[in-house]
Colleague: 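Sharing a structure, written as structure tokens. Questions coming.
Every chain is numbered from 1, with letters handed out A, B, ... down the list of sequences. For the numbers below, each heavy atom of this structure counts, side chains included, while hydrogens, waters and symmetry mates do not.
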Number of protein chains: 2
Amino acid sequence: MWQRHQHSQCIKEALSKAEQICIDHQCRLTPIRKKVLELIWKSHKPIKAYDLLAQLSSEDFIEKPPTVYRALEFLIDNNLIHRIESQNAYIGCNTDHETLDSKFLICDQCNEVEELSEPKINKTLSEISKKQGFIPSLVNVEIHGTCSQCAQH
Amino acid sequence: MWQRHQHSQCIKEALSKAEQICIDHQCRLTPIRKKVLELIWKSHKPIKAYDLLAQLSSEDFIEKPPTVYRALEFLIDNNLIHRIESQNAYIGCNTDHETLDSKFLICDQCNEVEELSEPKINKTLSEISKKQGFIPSLVNVEIHGTCSQCAQH
DNA sequence: TTAGTAATGTTATAGTATAACATTACGTAT
DNA sequence: ATACGTAATGTTATACTATAACATTACTAA
């Protein structure tokens with residue numbers, strides 16, 4: 001689904017984006033938060049909370065669930081990662097969001113996930129909500145299937 | 001969000017729909033499956049597996065997790081209920097599905113859920129998937145916000 | 001009737017997440 | 001620099017969600 005590439009670049013970009021956001025939002029990218037964000041980007045696929053936990057503990061970080069869940073909460077609140085609801089897993093966000101929304105293509109073959117940033121989807125969903133008198137505050141779209149790479153094999 | 005009404009009618013309809021589907025699919029609406037479906041419709045809001053479990057056990061049904069999870073799996077597979085991923089909860093389906101998709105408006109105030117059956121959403125999502133060479137097999141859309149009823153108060 | 005499959009029973013455990021309270025670190029006003 | 005308030009983390013315990021694995025029972029069709 002994604003081009004093969006060195007992750008180091010996306011990790012770097014993600015971290016510097018995170019730092020900028022923390023300045024803007026007046027909050028702190030503490031070592032734990034930074035480490036969790038880094039691990040999520042390193043994985044490059046959805047990663048589970050307890051897998052993060054295991055990796056943290058193997059690197060001399062504190063390895064208790066609340067630690068990682070707090071970091072995840074922080075990163076989600078600041079739009080630096082998203083939760084893939086259908087997998088109880090977390091993935092980095094490299095998209096600029098004007099609204100609270102996340103939209104994914106999830107390949108059930110290779111488990112790669114691509115985040116969509118198509119305004120058209122938001123527009124359609126927003127129109128339909130409005131038609132029902134519903135005021136949306138947060139949208140989540142998860143499309144499972146087979147990615148182009150996997151479809152060819 | 002929904003008009004006030006007697007649930008008895010929707011429960012009846014849901015059950016007879018279920019019976020028809022089981023005939024079509026050559027499977028059985030056993031007492032447990034029927035009871036679980038009934039409880040889900042009685043709730044009329046998303047209901048959790050362990051809440052179903054509690055209600056079952058108070059009615060002389062077997063009250064072990066696998067029982068209820070198996071019934072839930074059966075009902076989901078036959079499109080009689082859906083799982084609300086963002087809530088780990090289950091809700092009845094009164095919609096006819098041509099494809100595997102579920103789309104919800106979820107009111108965070110009153111916790112009512114309305115299932116959408118707008119082909120336009122599927123069309124939009126399908127077009128965008130295709131553009132990426134992605135072959136969708138299952139779509140889930142969860143829109144959180146405030147329903148028209150709650151917005152007025 | 002009996003053999004094969006579907007469904008359920010049962011025990012145990014895996015996997016996901018949070019509550020509650022204690023402690024430490026940080027930012028800032030004095 | 002110091003003291004104070006807030007933010008973040010440490011720590012223990014437990015709640016909540018779901019499934020594996022194997023035994024038993026019920027149904028169906030030859």
Colleague: Would you indicate whether the side-chain heavy atoms of B:Asp101 and B:Val141 approach each other to under 4.5 Å?
Modeller: no

Colleague: So does B:Tyr69 reach the base of D:dA20 with its side chain, donor to acceptor, closer than 3.5 Å?
Modeller: no

Colleague: Taking it one step at a time, do B:Arg83 and B:Glu85 satisfy side chain to side chain contact (heavy atoms under 4.5 Å, CB included)?
Modeller: CA-CA 6 Å; B:Arg83 184 170 196 274; B:Glu85 300 285 354; 2.5 Å; yes

Colleague: I'd like to know if A:Arg28 reaches the base of C:dG27 with its side chain, counting only an N/O donor and acceptor under 3.5 Å.
Modeller: no

Colleague: Check whether any side-chain nitrogen or oxygen of B:Arg33 sits under 4.0 Å from OP1 or OP2 of C:dA7, and answer yes or no.
Modeller: yes

Colleague: Just to confirm, is there a sub-4.0 Å distance from OP1 or OP2 of C:dT8 to any side-chain nitrogen or oxygen of B:Lys64?
Modeller: no

Colleague: Rounded to whole Å, how long is the line connecting atom CD of B:Glu73 with atom P of D:dT19?
Modeller: 8 Å

Colleague: With the side chain of B:Arg70 defined as its heavy atoms from C-beta on, choose the nearest nucleotide among C:dT8, C:dT11, D:dA18.
Modeller: C:dT8

Colleague: CG of A:Leu56 versus C1' of D:dG10: gap in Å, rounded?
Modeller: 14 Å

Colleague: With the stacking rule set at 5.5 Å and 30°, tell me whether B:Tyr50 counts as stacking on D:dC16.
Modeller: no

Colleague: Rounded to the Å, how far apart are A:Phe74 CZ and C:dT18 P?
Modeller: 17 Å

Colleague: Taking A:Ile47's backbone N and O only, do any of them form a donor-acceptor pair with A:Asp51's side chain (distance below 3.5 Å, no angle check)?
Modeller: no

Colleague: Between atom CD in A:Gln26 and atom C1' in D:dT6, what is the gap in whole Å?
Modeller: 14 Å

Colleague: How long is the line joining CG of B:Leu53 and C1' of D:dA15, in whole Å?
Modeller: 15 Å

Colleague: Between B:His25 (NE2) and C:dA6 (P), how many Å, whole number?
Modeller: 16 Å

Colleague: Rounded to the nearest Å, what distance is computed from the CD1 atom of residue A:Ile32 to the C1' atom of nucleotide D:dA8?
Modeller: 8 Å

Colleague: Report yes if a side-chain nitrogen or oxygen of B:Tyr90 is closer than 4.0 Å to either non-bridging phosphate oxygen (OP1 or OP2) of D:dA18; otherwise report no.
Modeller: yes

Colleague: If you check the B:Arg83 side chain, which of C:dT10, C:dT18, D:dA18 turns out closest?
Modeller: D:dA18

Colleague: Are B:Glu142 and B:Lys103 ion-paired here, with the side-chain N under 4.0 Å from a carboxylate O?
Modeller: no

Colleague: Within the 4.5 Å heavy-atom criterion, are B:Glu19 and B:Lys34 side-chain neighbours or not?
Modeller: yes

Colleague: What is the separation between atom NZ on A:Lys48 and atom P on C:dG15, rounded to the nearest whole Å?
Modeller: 9 Å

Colleague: Between B:Thr30 and B:Pro65, just flag the one whose closest nucleotide in DNA chain C comes earlier from the 5' side.
Modeller: B:Thr30

